Student: 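Have a look at this one.
Everything numeric here is computed off the predicted structure, so don't read it as measured data. FYI, the numbering just counts along the sequence from 1.
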Amino acid sequence: SAKLIEHLRRFIDDRVWIENRRVLQLCKEIEKSSIELKENIPNKRNFFEIKGDRVKIDSIFEKSLYTIKIENEFIQEDIKQPIEIDMESFYNLFYIDEDILKRNISKKFQEKKEFTLLELLKEFPISKGLSELVSYISIAKNLPNTVVDESVDISFEIVDFEMKKRVVKLPKIIFRDGV
């Protein structure tokens with residue numbers, strides 16, 4: 001059994017030595033690549049891409065701190081006449097894919113470092129009405145460098161899913177690239 005233990009110990013030592021040598025080889029390759037990169041600085045912003053889907057990393061620091069919840073007091077009113085609800089509108093609900101809207105914003109950032117919501121909508125017109133516009137505004141709110149200029153109001157027309165023209169008036173929203 002002592003010989004078996006000695007053979008097992010040697011086998012494990014050999015495996016550790018091989019793994020350490022491979023790690024050292026990888027470190028040298030990384031060092032060599034970084035020196036080459038330092039001598040030939042890339043002139044494009046995206047000089048390296050990994051094929052496949054992007055990985056989203058949720059950091060604990062991105063979460064908001066505790067906020068005190070405000071209790072709302074509801075006033076109950078007597079309803080004398082029943083309210084009619086248009087049930088047809090529930091059948092016309094649709095899904096807004098925010099990933100597509102974010103990709104539209106990213107494509108526009110590839111052209112310009114700064115642009116307004118109106119410029120974005122001229123290139124990528126709204127097809128699903130106010131819901132899509134609200135989604136764009138929600139994305140803009142969560143981007144760190146977006147600015148809302150409340151001193152300037154912009155008005156523009158959108159066509160909703162019922163093909164009705166709607167005039168929208170909101171403050172000027174400016175998307176800015178953080179780089």
Side-chain angles (χ1 to χ4, degrees), residues 37 41-179:
L37 185 63
I41 298 173
N43 55 6
K44 293 182 180 178
R45 181 174 164 218
N46 293 333
F47 61 90
F48 180 77
E49 290 185 7
I50 297 175
K51 292 182 180 178
D53 293 336
R54 291 186 176 179
V55 177
K56 185 173 187 294
I57 299 172
D58 289 328
S59 171
I60 189 77
F61 298 109
E62 292 177 358
K63 296 183 180 184
S64 62
L65 298 174
Y66 177 77
T67 55
I68 299 173
K69 297 192 183 209
I70 301 170
E71 293 185 21
N72 294 326
E73 187 175 315
F74 292 101
I75 300 171
Q76 184 176 359
E77 297 179 8
D78 291 334
I79 300 174
K80 301 199 180 198
Q81 293 181 344
I83 299 173
E84 288 189 29
I85 299 174
D86 180 18
M87 295 304 286
E88 186 68 30
S89 63
F90 287 109
Y91 296 114
N92 293 329
L93 293 177
F94 47 84
Y95 174 72
I96 305 277
D97 190 356
E98 284 194 4
D99 289 335
I100 292 174
L101 304 182
K102 288 177 183 177
R103 273 189 243 127
N104 292 345
I105 293 170
S106 295
K107 286 177 189 174
K108 192 69 178 170
F109 273 134
Q110 290 174 358
E111 295 174 21
K112 297 173 95 176
K113 298 273 185 207
E114 181 176 308
F115 56 90
T116 64
L117 177 63
L118 191 58
E119 292 172 328
L120 179 70
L121 296 180
K122 283 181 183 174
E123 191 168 331
F124 304 101
I126 288 184
S127 61
K128 295 184 179 177
L130 290 175
S131 302
E132 188 174 354
L133 178 63
V134 169
S135 295
Y136 269 123
I137 294 170
S138 173
I139 293 169
K141 178 186 145 267
N142 292 325
L143 290 175
N145 296 320
T146 302
V147 176
V148 177
D149 186 359
E150 294 185 15
S151 65
V152 179
D153 284 338
I154 57 169
S155 296
F156 54 94
E157 278 189 358
I158 62 169
V159 179
D160 64 7
F161 65 93
E162 295 174 341
M163 302 309 289
K164 292 181 183 176
K165 288 187 177 182
R166 309 262 185 202
V167 177
V168 179
K169 182 179 179 182
L170 18 119
K172 185 177 185 180
I173 298 173
I174 304 167
F175 294 89
R176 289 188 178 149
D177 198 356
V179 177

Student: Quick one: does any side-chain atom of Ser135 pair with a main-chain N or O of Ser131 as donor and acceptor, under 3.5 Å?
Tutor: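 Confirmed, Ser135 side chain pairs with Ser131 backbone.
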Student: CD1 of Ile100 to CD1 of Ile105: how many Å apart, nearest 0.5 Å?
Tutor: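 Between Ile100 CD1 and Ile105 CD1, I get 12.5 Å after rounding to 0.5 Å.
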Student: Got a sec: does the NZ of Lys108 have more than 12 other heavy atoms crowding it under 6.0 Å?
Tutor: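 Correct, the count exceeds 12.
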Student: Between Glu123 and Lys107, is there a salt bridge with N-O shorter than 4.0 Å?
Tutor: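 No.
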Student: What distance do Leu101 atom CG and Ile137 atom CD1 have between them, rounded to the nearest 0.5 Å?
Tutor: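 Reported value, rounded in 0.5 Å steps: 11.5 Å.
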Student: How long is the span from the CD1 atom in Ile154 to the NZ atom in Lys172, to the nearest 0.5 Å?
Tutor: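 Interatomic distance, Ile154 CD1 to Lys172 NZ, rounded to 0.5 Å: 8.0 Å.
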Student: Looking only at non-hydrogen atoms, find the nearest pair between Arg176 and Asn145 and report the distance.
Tutor: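 In this case the closest contact between Arg176 and Asn145 is O-CB, 3.2 Å.
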Student: Angle class for the Phe175/Phe115 ring planes (parallel below 30°, perpendicular above 60°, tilted otherwise)?
Tutor: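 Parallel: the ring planes of Phe175 and Phe115 meet at under 30°.
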Student: Locate the shortest heavy-atom distance separating Phe156 from Leu133; write the atom from each residue and the value.
Tutor: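 Scanning both residues, the minimum pair turns out to be CZ-CD1, 4.1 Å.
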Student: Could you give the distance from CD1 (Ile126) to CD (Glu132), rounded to the nearest 0.5 Å?
Tutor: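 One gets 5.0 Å once the value is rounded to the nearest 0.5 Å.
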Student: Go through the structure and list residues passing salt bridge (Lys or Arg N to Asp or Glu O under 4.0 Å) with Glu98, not counting sequence neighbours.
Tutor: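 With neighbours one apart ignored, the set is empty.
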Student: Calculate, to the nearest 0.5 Å, the distance between atoms OH and CG belonging to Tyr136 and Leu117 respectively.
Tutor: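 CG of Leu117 is found 8.5 Å from OH of Tyr136.
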Student: Could you tell me the separation between the CG atom of Asp99 and the CG atom of Asn104, rounded to the nearest 0.5 Å?
Tutor: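 Answer for the CG-CG pair, Asp99 versus Asn104, is 11.0 Å.
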Student: Check the surroundings of atom CD in Glu157: do more than 12 heavy atoms from other residues, nucleotides or ligands lie under 6.0 Å from it?
Tutor: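 Correct, the count exceeds 12.
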Student: So, are Glu119 and Lys122 salt-bridged, with charged N and O less than 4.0 Å apart?
Tutor: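 The answer is no: the pair does not qualify as a salt bridge.
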